[in-house]
Number of protein chains: 2
Amino acid sequence: MNEPEAGASPETSSTGDVSAPGGLSRRGLLGLAIGGGVAGLAVGAGAGLAGGVALGRARAAEDAHSAYEFFGAHQAGITTPVQDHLHFASFDMMPRSDRDDLISLLQDWSYAASRMSQGLEVSASGAVGGPAEAPPDDTGEALGLPAAGLTITFGFGPGLFENEDGDRYGIAAQRPAGLERLPAFLGDDLDPQASHGDLCIQACADDPQVAVHAIRNLSRIAFGRARLRWSQLGFGKTSRTTAAQATPRNLFGFKDGTANILADDTEALADHVWVSEQDEPAWLAGGSYLVARKIAMLIETWDRVRLSEQDAIIGRDKGEGAPLSGGDEFTAPDFHGKAIDANSHVSLAHPEQNDGVRILRRGYNYVDGNNELGRLDAGLFFLSYQRDPAQFISLQRRLSTDLMNEYIRHVGSGIWAVPRGATPGSYVGAQLFA
Amino acid sequence: MNEPEAGASPETSSTGDVSAPGGLSRRGLLGLAIGGGVAGLAVGAGAGLAGGVALGRARAAEDAHSAYEFFGAHQAGITTPVQDHLHFASFDMMPRSDRDDLISLLQDWSYAASRMSQGLEVSASGAVGGPAEAPPDDTGEALGLPAAGLTITFGFGPGLFENEDGDRYGIAAQRPAGLERLPAFLGDDLDPQASHGDLCIQACADDPQVAVHAIRNLSRIAFGRARLRWSQLGFGKTSRTTAAQATPRNLFGFKDGTANILADDTEALADHVWVSEQDEPAWLAGGSYLVARKIAMLIETWDRVRLSEQDAIIGRDKGEGAPLSGGDEFTAPDFHGKAIDANSHVSLAHPEQNDGVRILRRGYNYVDGNNELGRLDAGLFFLSYQRDPAQFISLQRRLSTDLMNEYIRHVGSGIWAVPRGATPGSYVGAQLFA
């Protein structure tokens with residue numbers, strides 16, 4: 001069998017056994033082997049990698065309903081019913097990496113992601129099928145686990161297009177005008193170790209071990225080309241994207257995401273989430289913009305606030321999530337009366353109060369242990385998808401007078417352009433390099 | 001309705017509506033209200049707390065099979081089928097706390113734990129049923145979630161019995177002889193912020209939000225009496241305690257816990273896990289000793305080791321978990337031939353090589369993000385239960401020549417005596433204060 005050419009686009013490859021979506025590139029294989037003193041064996045391992053998905057050693061993907069297709073018009077993981085667990089990772093490209101490195105990385109990531117989302121190992125030889133004299137291609141901790149609804153969603157940060165080193169990859173001219181670091185907002189207290197990044201990967205799954213396995217193996221495949229900058233685990237989704245999902249609760253104990261855009265609301269998705277053919281730049285059509293905000297919650301302080309005050313701050317009642325103007329969770333709030341404070345969270349964030357601006361939220365709760373005072377280091381890892389970064393910016397500016405601000409701190413921030421989904425035989429972001 | 005007396009044992013309480021296992025003590029209520037300027041209202045809130053479990057506002061405990069009884073001969077969470085998620089917390093008693101504080105804390109914790117393990121809020125008024133002018137008793141983020149198999153297991157550390165401040169609670173004479181900080185082991189690199197503690201709580205559940213809710217609310221109830229020292233989240237259990245559970249994999253990609261003691265092996269539990277009536281001290285009969293070790297894995301280094309070497313280090317094959325001497329996962333290893341290295345992990349840890357010493361393992365994988373080099377901060381949060389701390393110590397000493405040591409660091413350590421289960425109407429540890 002032949003080995004895939006380094007840097008070759010699977011779209012144009014003529015080696016029949018490097019079937020779509022391609023195998024790992026030579027660089028990808030090298031990343032797996034390097035450091036163990038057996039780099040030379042990677043070529044040997046390559047032979048075992050060329051079988052593509054169909055011949056792969058399957059993990060136990062017994063539950064077909066929990067496997068989502070990686071390829072499609074849009075990337076999976078945006079309107080996909082929100083899974084229970086998140087592992088989010090931000091990467092920076094390595095100094096001196098070039099355009100071929102970036103393309104081969106995206107090809108390798110797409111190949112591995114397409115396999116993992118079907119419950120397969122990252123390559124055909126996987127965790128135990130390769131030569132005993134080489135490090136395994138797959139780290140193995142997801143062997144025997146089903147796909148668990150894994151989705152892997154890739155994004156491109158502003159720095160990928162141009163940074164202090166210039167136009168490293170020849171794509172500066174294609175940077176979307178709105179793709180730049182978010183402006184400073186009132187109350188920002190950003191940690192650079194939880195902010196920004198040239199690339200991001202959002203891995204969501206119903207089993208945290210599957211999400212962690214995905215990020216770990218994609219980090220490993222990136223060796224020499226990109227490096228993990230920061231990562232965040234999350235659980236207990238704080239949003240829903242289908243009507244069948246109950247509205248979950250955030251760590252303030254309130255239902256969150258009642259008014260979210262749902263996956264079957266095609267019109268709202270077209271209006272508010274997907275970049276259209278008419279928008280600029282053309283390569284991003286069918287994609288979206290992802291904003292991540294790590295929002296620390298001052299849990300212990302919040303917990304000492306009386307119930308009526310908590311309700312007033314949110315503008316909804318804690319038990320049912322009904323607006324304080326009456327009705328049930330799904331009753332439209334009445335902002336004209338006095339029941340809802342004008343600076344309550346719902347009042348400031350509601351589309352009716354924001355010229356109809358809406359976003360698709362997909363956040364998770366997080367707990368990163370505790371600080372030395374014994375307080376939980378916890379909060380909301382906010383994720384939203386929108387057609388234009390201006391949507392998030394205008395909403396966040398409105399929230400500057402939010403009564404809730406006394407109990408939160410924004411400690412992390414990032415923005416990425418999320419390309420359309422890859423077509424079989426191609427890779428995520430191919431349009432950018434066409 | 002009457003308010004429960006502060007510090008009164010529910011066992012001896014004569015106030016009829018402070019039904020077993022009692023309501024929250026005045027101290028417990030105070031902890032919930034204090035700091036919000038409404039401490040005086042706690043008395044009012046107390047009236048709403050006195051109904052006990054039966055009158056509680058139920059969370060949606062629709063899945064009866066996922067609720068474990070808190071009361072019983074042994075504490076839940078030891079032989080209980082290992083749940084998917086862990087939140088473990090270590091506490092120190094506050095300076096100047098006294099014996100009544102400790103007793104009332106254990107009563108309050110037992111009361112709240114008995115409710116939460118049935119899918120109920122921490123008190124009858126819970127998250128939204130109390131007076132609007134007081135902070136809610138329950139933080140609310142588990143409202144609407146089922147019990148999710150929650151178990152809450154309490155332990156007493158060496159420092160609870162005696163520390164530099166002396167015999168604070170009048171129990172020094174009852175300290176089990178073996179309950180002392182573990183000796184230093186080769187390769188220890190312990191972080192005090194992940195080690196030791198006067199008290200510990202192991203919360204396990206199939207939903208991380210339920211486990212986090214439990215630790216958060218128990219920490220809150222402890223206000224003024226004990227303070228969170230450190231905590232750890234875990235996922236992807238690395239052990240099984242019933243034959244029906246498949247052997248899970250650790251972050252080295254290997255099956256872990258193949259030879260664990262199972263819940264139905266009554267004889268092995270009696271021999272190796274439960275403190276017997278004949279052991280000292282008598283108050284601990286029916287209990288056990290819990291050892292926690294936070295073991296960081298050098299993931300990236302391990303991932304560069306060739307497959308044959310990984311197999312040799314563990315002494316089993318990565319795919320099936322079969323001993324290198326042959327057979328399948330459950331075939332007894334043959335340590336007499338040359339197939340299994342004498343310093344492999346299985347060779348050093350196997351009961352056959354340790355005069356039959358066995359422990360019940362209940363560990364979890366953890367990922368705490370990544371360090372500034374982009375390496376995952378990940379590993380195994382090892383938990384084991386044993387009849388005598390000497391079991392763990394002898395096993396760990398044997399592991400000093402483990403080939404695996406090159407790839408791990410012990411960064412956290414703790415030991416606690418785990419009392420027998422509480423009887424309805426009493427509380428965990430009551431025997432110690434009889």
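By convention in this document, chain letters (A, B, ...) are assigned in the order of the sequence lines, proteins followed by strands, and residues within each chain are numbered from 1. It should be emphasised that the depicted structure is a prediction, and the values quoted were computed from it without experimental measurement.
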Value for CH2 (Trp230(B)) from CG (Asn371(A)), rounded to nearest 0.5 Å, stands at 16.0 Å

All side chain to side chain donor-acceptor pair (under 3.5 Å) counterparts of Gln310(A), not counting sequence neighbours: Lys318(A)

Given Gly369(A), Pro208(A), Ala89(A), the one with more heavy-atom pairs under 4.5 angstrom with chain B than any other is Pro208(A)

Max heavy-atom pairs within cutoff under 4.5 Å with chain A, candidates Asn250(B), Ile215(B), Ile299(B), goes to Ile299(B)

Approximate separation, where rounding is to 0.5 Å, of Asp84(B) CG and Asp84(A) CG: 10.0 Å

Minimal non-hydrogen separation, Gly130(A) against Leu307(B), with atom names: O-CD2, 4.4 Å

Structural part of Val367(A) lying under 4.5 Å from a heavy atom of chain B: both

Would you mind reporting whether Val212(B) and Phe235(A) have side-chain heavy atoms less than 4.5 Å apart? yes

Among residues at least two apart in sequence or on other chains, which ones pass side chain to side chain donor-acceptor pair (under 3.5 Å) with Thr301(A)? none

If only atom types and distance count, is the side chain of Arg304(A) paired as donor or acceptor with the main-chain N or O of Pro135(B) below 3.5 Å? no

Heavy-atom cut-off 4.5 Å, strictly under: side chain, backbone, both or neither for Phe252(A) against chain B? backbone

Measure the CZ-OG distance between Arg375(A) and Ser219(B) for me, rounded to the nearest 0.5 Å. 12.5 Å

Please examine the side chains of Leu228(A) and Leu376(B), heavy atoms only from C-beta on, and report whether any two atoms are closer than 4.5 Å. yes

With distance as the sole test, does Arg220(A) use its side chain to make a donor-acceptor pair with the main-chain N or O of Asp303(B) at under 3.5 Å? yes

Ignoring hydrogens and geometry beyond distance, is a side-chain donor-acceptor pair present between Asn370(B) and Ser231(A) at under 3.5 Å? yes

Looking only at Arg229(A), Glu372(A), His85(A), the option with the highest number of non-hydrogen pairs under 4.5 Å against chain B is His85(A)

Go through the atoms of Arg227(A) and report whether side chain, backbone, both or neither lie under 4.5 Å from a heavy atom of chain B. side chain

For the CZ atom of Arg249(B) and the NE2 atom of His213(A), what is their distance to the nearest 0.5 Å? 10.0 Å

Is it the case that the side chains of Gln209(B) and Asn365(A) hold a donor-acceptor pair, with the cut-off being a distance below 3.5 Å and no angle test? yes

Only pairs of heavy atoms separated by less than 4.5 Å count here; which of Gly253(A), Ala132(A), Gly236(A) has the most with chain B? Ala132(A)

Please look at Leu251(A) and chain B and tell me whether the side chain, the backbone, both or neither of the residue comes under 4.5 angstrom of a heavy atom of that chain. both

